[in-house]
Amino acid sequence: MTTVLSGLRQETISSLDRLSPNQQLLPLTAITNQRDRLEIGGCDVVELVEQYGSPLYILDEVSLRTACQQYRDALKQHYQGTSQVLYASKAWSCLAVCAIVGSEGLGIDVVSAGEILTALRAGVSSSLIYFHGNNKSVEELSYALESSCTVVVDNWHELKTLDRLAQEQTSKPRIMLRLTPGIECHTHEYIQTGHIDSKFGFDPNEIEAVFAFLAASSLNCIGIHAHIGSQIFELQPHQDIGGVMVQWFQLAGEKYGLQFSELNIGGGLGIRYVESDDPPSIEDWIKAVVAGVTEAFIGAGLPLPKLLCEPGRSLVGSTCVTAYTIGGSKTVPDIRTYITVDGGMSDNPRPITYQSQYRAVVANHMSAALSQTVTIAGKHCESGDILIKDIQLPTTNPGDILVVFGTGAYNYSMASNYNRLPKPAAVLVEGGASSLIIKRETREDLLRQDCLPERLCS
Ligand code: LLP
């Protein structure tokens with residue numbers, strides 16, 4: 001008899017902290033309990049749904065802390081220079097996630113005033129907040145400067161705006177430059193960013209002019225940044241970044257007297273969404289990055305820079321699952337059976353946006369035999385609102401709890417209220433206890449921003 005968990009249980013035994021969370025389908029603490037139900041962080045998932053409602057994001061604290069520690073410790077162990085891991089909070093920006101990663105010593109990469117506010121309120125020091133984005137508004141830039149965040153400058157317009165804003169500052173604002181390294185990688189075209197035809201960063205042709213501008217500016221440029229893409233399984237593109245960036249470090253110092261000290265090589269390590277995904281471990285990724293940077297800088301006779309990286313998906317992606325309640329089903333003879341759940345593209349827009357694949361289990365019958373191939377449909381008014389196509393599941397009934405894995409990254413953060421669905425709640429689980437970290441939206445919340453002009457009132 002095949003069960004999904006018989007393939008997964010192996011991953012959760014022995015010492016959890018040696019497993020790289022991004023290589024697991026399930027959070028590290030996931031087990032089947034004696035009631036034949038899925039348990040995460042010592043909490044019965046079915047009971048969590050009874051307590052907090054459905055759909056529900058369930059975040060495993062042990063997995064998140066383990067991923068943070070593996071990045072931080074691997075950098076310390078393998079890199080001779082100083083280093084700092086930043087969490088790319090676009091993956092999931094909320095107070096609890098920022099507070100946890102902050103307490104593990106990580107800084108935060110933010111891309112909007114909203115993400116800055118979240119990181120600051122979570123208690124992260126502004127000296128560890130790096131502000132990205134290809135069209136930051138003047139208001140956002142002013143907020144970042146007032147809060148003493150480092151701004152990662154993306155283009156000429158922003159550079160000139162910042163230089164103007166810097167005149168009003170008492171000290172020179174800390175900035176970095178985002179450069180397009182011209183490195184291609186294999187991933188979905190929407191999430192490639194390092195190739196030359198990208199909307200992000202300065203083109204290599206502009207670099208000398210930018211350096212000349214900086215040398216005469218009121219800005220304190222501390223280094224350079226590149227990010228080549230997301231959900232990447234190859235190590236070579238990340239290993240190559242050091243070799244591309246070192247020439248610009250050298251040029252800045254030798255020709256323009258700009259003393260850069262920090263090199264940020266972005267994020268991008270992939271995670272395992274389905275069995276066939278085979279991403280490298282966090283430690284192997286760090287080793288590859290470090291090898292590339294060390295070889296390039298030592299080869300060029302330059303001191304090792306402070307090395308920053310900014311993973312998002314591989315920190316938080318595999319630490320969270322989404323529990324849904326199964327509703328009705330529909331069988332189209334000789335074609336497929338649809339099973340519907342009480343969420344869909346509003347809480348997980350990744351399948352409809354990137355054709356992303358996911359795996360799931362029926363959490364209240366973990367060891368039941370897989371007896372049918374079904375398609376999991378969301379409840380939105382779109383035919384494309386399919387969460388998982390052709391998955392093997394046991395026989396299901398309305399009211400069963402379907403748990404989809406790997407939903408920690410770019411799910412809540414990309415969630416919408418499409419069809420006026422309230423966003424689900426999120427809970428943090430650890431050691432048998434659960435705590436609410438994001439409240440479920442209510443119907444009233446959906447109307448909070450609506451205004452009805454008086455003349456329309458009946
Ligand atoms: N740094 C920068 C400048 C980025 O643009 C990103 C992601 C990261 C770091 C983090 O990359 P990660 O480690 O998460 O791969 N919504 C898409 C992913 C978009 C990624 C955007 N940038 C998805 O759901 O797959």
Side-chain angles (χ1 to χ4, degrees), residues 20-22 64 67-68 70-71 84-93 97 101 106-112 115 129-136 150-155 158 176-181 183 185-195 198-202 223-234 237-238 241 245 263-273 277 279-280 282 285-286 289 308-320 322 345 347-358 387 404 406-416:
S20 194
N22 71 311
L64 181 54
C68 293
Q70 288 183 0
Y71 266 108
Q84 178 65 50
V85 183
L86 309 175
Y87 164 56
S89 67
K90 67 203 72 165
W92 190 357
S93 173
V97 170
V101 301
L106 274 61
I108 310 261
D109 145 9
V110 294
V111 291
S112 66
E115 288 188 359
I129 300 179
Y130 287 69
F131 184 26
H132 286 275
N134 67 319
N135 191 17
K136 306 171 184 85
T150 303
V151 179
V152 185
V153 180
D154 197 89
N155 52 58
E158 185 184 337
M176 294 184 82
L177 291 180
R178 179 167 181 171
L179 306 175
T180 311
I183 295 175
C185 52
H186 293 114
T187 188
H188 193 286
E189 64 171 315
Y190 290 2
I191 51 179
Q192 279 187 12
T193 50
H195 54 304
S198 161
K199 72 170 184 172
F200 297 106
F202 288 98
I224 50 179
H225 166 278
H227 169 75
I228 59 174
S230 198
Q231 184 61 357
I232 299 169
F233 290 174
E234 311 147 277
H238 282 108
I241 297 178
M245 303 297 267
L263 173 65
N264 185 334
I265 50 83
L269 171 61
I271 70 169
R272 189 172 181 215
Y273 287 106
D277 287 339
I282 290 173
W285 188 84
I286 288 288
V289 164
L308 281 72
C309 62
E310 50 192 21
R313 190 192 312 269
S314 53
L315 273 174
V316 79
S318 312
T319 69
C320 181
T322 307
M345 59 185 285
D347 60 77
N348 184 358
R350 300 193 69 259
I352 198 166
T353 313
Y354 314 109
Q355 301 76 50
S356 312
Q357 291 185 296
Y358 284 88
L387 283 178
V404 175
T407 58
Y410 306 109
N411 273 228
Y412 196 92
S413 63
M414 292 172 63
S416 74

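Both counts, for ligands and for their atoms, begin at 1 and track the order of listing. Bear in mind that the values here come from a model prediction, so they are computed numbers and not experimental data.
Shown here are the side-chain hydrogen bond (donor to acceptor under 3.5 Å, both in side chains) partners of Gln84, two or more places apart in sequence or in another chain: there are none. Partners of Ser93 according to the side-chain contact (heavy atoms from CB on, under 4.5 Å) rule, which considers only residues two or more places apart in sequence or in another chain, are Ser89, Glu115, Thr118.
Ligand 1 lies nowhere less than 4.0 angstrom from a heavy atom belonging to Ala91.
Set against the non-hydrogen atoms of Gly267, the atoms of ligand 1 under 4.0 Å away are 9 (C), 13 (O). Contact atoms of ligand 1 toward Ala88: 8 (C), 9 (C), 10 (C) (distance under 4.0 Å to a heavy atom of the residue). Taking every non-hydrogen atom of Pro311 and a distance limit under 4.0 Å, the qualifying atoms of ligand 1 come out as 13 (O).
Considering backbone and side-chain atoms alike, Ser314 places every N or O at 3.5 Å or more from each N or O of ligand 1. Any N or O atom pair closer than 3.5 Å counts here, and Gly312 shares at least one such pair with ligand 1. The N/O atoms of Gly266, backbone and side chain alike, include none that comes under 3.5 Å of an N/O atom in ligand 1.
The main-chain N or O of Thr407 is never found under 3.5 Å from a side-chain atom of Thr322 such that the two would form a donor-acceptor pair. For Asn22 (side chain) and Pro280 (main-chain N/O), a donor-acceptor pair under 3.5 Å exists by modelled atom type.
Nearest to atom 25 (O) of ligand 1 by heavy atom, out of Gln231, Arg313, Arg178, Glu310, is Arg313.
Across all non-hydrogen atoms, the minimal contact from Trp92 to Cys320 is CZ3-SG, 3.8 Å.
Salt bridge Asp154/Lys199: absent, no basic N to carboxylate O contact under 4.0 Å.
Within the 4.0 Å heavy-atom criterion, neither part of Phe200 lies near ligand 1. Contacts with ligand 1 closer than 4.0 Å are made by side-chain heavy atoms of Asp109 only, the backbone lying farther away.
Aromatic pair His132/His225: ring centres closer than 6.0 Å.
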